[in-house]
Amino acid sequence: MQGRTMEKIRVAIHAQDYFTRMGLANCLGGDTQLVEARGDNADVVVIAIETAEASTMKELQMFRPDTATPLVLIVGDRWHADISAAAEWGVRAVLWRRHFSATTFMQAIRAVGSGGGYFPTSLQGALIEQIVRTYREVLAPQGLNPSGFTNREIDVLRLVSEGFDLQQIADKLHYSERTVKNILYQFMKRFGLHNRAHAVSYAIRSGLI
């Protein structure tokens, strides 16, 4: 039985300096899974910048073919941007130019191309701290998890996914059937979901159930 051919990851590269751009392009030749592509046909967009600032994140959007395309940033100077905002803008990997190597560059692209991320330890710590602070100061007082789900919603959706009907769910959770219906309705309304099956599918994709 022949092995399955690994799907190519199309990579667009942007850098103000010609030699930087050519050096990054040459690195792609060291991995048969990676292939250089035009910006409008890329799975991953690599951008070399000097300094990451709040204004930079918005400017980088012009290089993305669509809002789902992840960004890999190679940063020459210090990081001055909000890391969670950068992630919201599509940044999925950051490499410091001073620590750059072809190996880590290719690892980062492969990680991002498969839906993952690749951040320096310092930025990982900053991102975790922001998540914890947001949960403690903003979400927890409203009974929400970082996912935007309440604990009640998670419990109800889990039981729906296991095939229980509304009355059975109400009995298990000691709610009224009307309360269960309202929990589902508010959840579907908040996330723009069409029905219970859609709600369960959304929760599964979010990793909550």
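Just so you know, these numbers come straight off a predicted model, no measurement behind them. All heavy atoms count here, side chains included; hydrogens, waters and symmetry mates do not. Numbering of residues begins at 1 and proceeds along the displayed sequence.
- Side-chain contact check for Ile131 versus Ser84: every heavy-atom pair is 4.5 Å or farther apart.
- Residue Glu177 holds its CD atom at 10.5 Å from CD of Gln168, rounded to the nearest 0.5 Å.
- Atom-to-atom distance recorded for Met22:CE and Asp17:CG is 11.5 Å, nearest 0.5 angstrom.
- Closest approach of Arg97 and Ala48 over heavy atoms only: NH2-CB, 3.7 Å.
- Partners of His194 under the ring-ring contact (aromatic ring centres under 6.0 Å, His included) rule, at least two apart in sequence or in another chain, are His198.
- Remark: Ile49 engages Ile47, Ala52, Thr56, Leu60, Leu73, Val75 in a side-chain contact (heavy atoms from CB on, under 4.5 Å) (not counting sequence neighbours).
- Under a 4.0 Å N-O distance rule, the pair Lys172/Glu162 does not qualify as a salt bridge.
- Once rounded to the nearest 0.5 Å, the distance linking CD of Glu53 with CG of Asp82 reads 13.5 Å.
- Annotation: the span from Gln167 atom CD to Asp171 atom CG amounts to 4.5 Å, rounded to 0.5 Å.
- Exactly one residue among Asp155, Val180, Thr179, Ile183 makes a side-chain contact (heavy atoms from CB on, under 4.5 Å) with Ile169. That residue is Val180.
- The nearest pair of heavy atoms linking Arg110 to Gln33 is CD-OE1, 3.2 Å.
- Remark: the Gln61 side chain and the Arg64 side chain contain an N/O donor-acceptor pair separated by less than 3.5 Å.
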Exercise. Could you walk me through whether Phe119 and Val91 pass the side-chain contact (heavy atoms from CB on, under 4.5 Å) check?
Worked result: CA-CA 10 Å; Phe119 291 95; Val91 176; 4.1 Å; yes
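- Put simply, CZ on Arg152 and CG on Asn182 are 7.5 Å apart, with the number rounded to the nearest 0.5 Å.
- Donor-acceptor pairing under 3.5 Å is recorded for the side chains of Ser201 and Arg205.
- In the hydrophobic clustering, where aliphatic and aromatic side chains (Ile, Leu, Val, Met, Phe, Trp, Tyr) are joined below 4.5 Å either directly or transitively, Val132 groups with Ile128.
- The same ILVMFWY cluster, assembled from side-chain heavy atoms under 4.5 Å apart, contains both Ile204 and Phe191.
- Considering all non-hydrogen atoms of both residues, Ala111 and Gly117 come closest at CB-O, 3.9 Å.
- The backbone N or O of Ser176 sits nowhere less than 3.5 Å from a side-chain atom of Lys181 that would complete a donor-acceptor pair.
- In this structure, CD on Gln186 lies 10.5 Å from OG1 on Thr150, to the nearest 0.5 angstrom.
- Counting heavy atoms of neighbouring residues, nucleotides and ligands inside a 6.0 Å radius, atom CZ of Arg78 does not exceed 12 of them.
- By the 4.5 Å heavy-atom criterion applied to side chains, Arg38 and Arg10 are not counted as neighbours.
- Judged as a ring-ring contact (aromatic ring centres under 6.0 Å, His included), and not counting sequence neighbours, Tyr175 has no contacts.
- Side chains of His99 and Thr104 form no contact here, defined as non-hydrogen atoms less than 4.5 Å apart.
- Between Leu123 and Ile83, the shortest heavy-atom distance links the atoms O-CG1, 4.2 Å.
- When the shell of 6.0 Å around CD of Glu137 is examined, it contains more than 12 heavy atoms from other residues, nucleotides or ligands.
- The minimum heavy-atom distance linking Gly116 with Arg92 is given by the pair O-CB, 4.0 Å.
- Of all heavy-atom pairs between Ala42 and Thr69, the closest is O-CG2, 3.9 Å.
- Side-chain contact between Leu71 and Trp89 is absent, with no heavy-atom pair separated by less than 4.5 Å.
- His14 places none of its side-chain heavy atoms less than 4.5 Å from the side chain of Met62.
- Within 6.0 Å of the CZ atom in Arg178, the count of heavy atoms belonging to other residues, nucleotides or ligands does not exceed 12.
- Through direct or relayed side-chain contacts under 4.5 Å between Ile, Leu, Val, Met, Phe, Trp and Tyr, Met106 connects to Ile9, Val11, Ile13, Leu24, Leu28, Leu34, Val44, Val46, Val72, Ile74, Leu95, Phe100, Phe105, Ile109, Val112, Tyr118.
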Problem set entry | Check against side-chain contact (heavy atoms from CB on, under 4.5 Å), Asp43 and Lys8 | CA-CA 9 Å; Asp43 301 310; Lys8 299 287 186 181; over 6 Å; no
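- Relative orientation of the Trp96 and Trp79 rings is perpendicular, given thresholds of 30° and 60° on the angle between their planes.
- Taking Asp66 as the reference, nothing meets the salt bridge (charged side-chain N to carboxylate O under 4.0 Å, His left out) condition, with sequence neighbours excluded.
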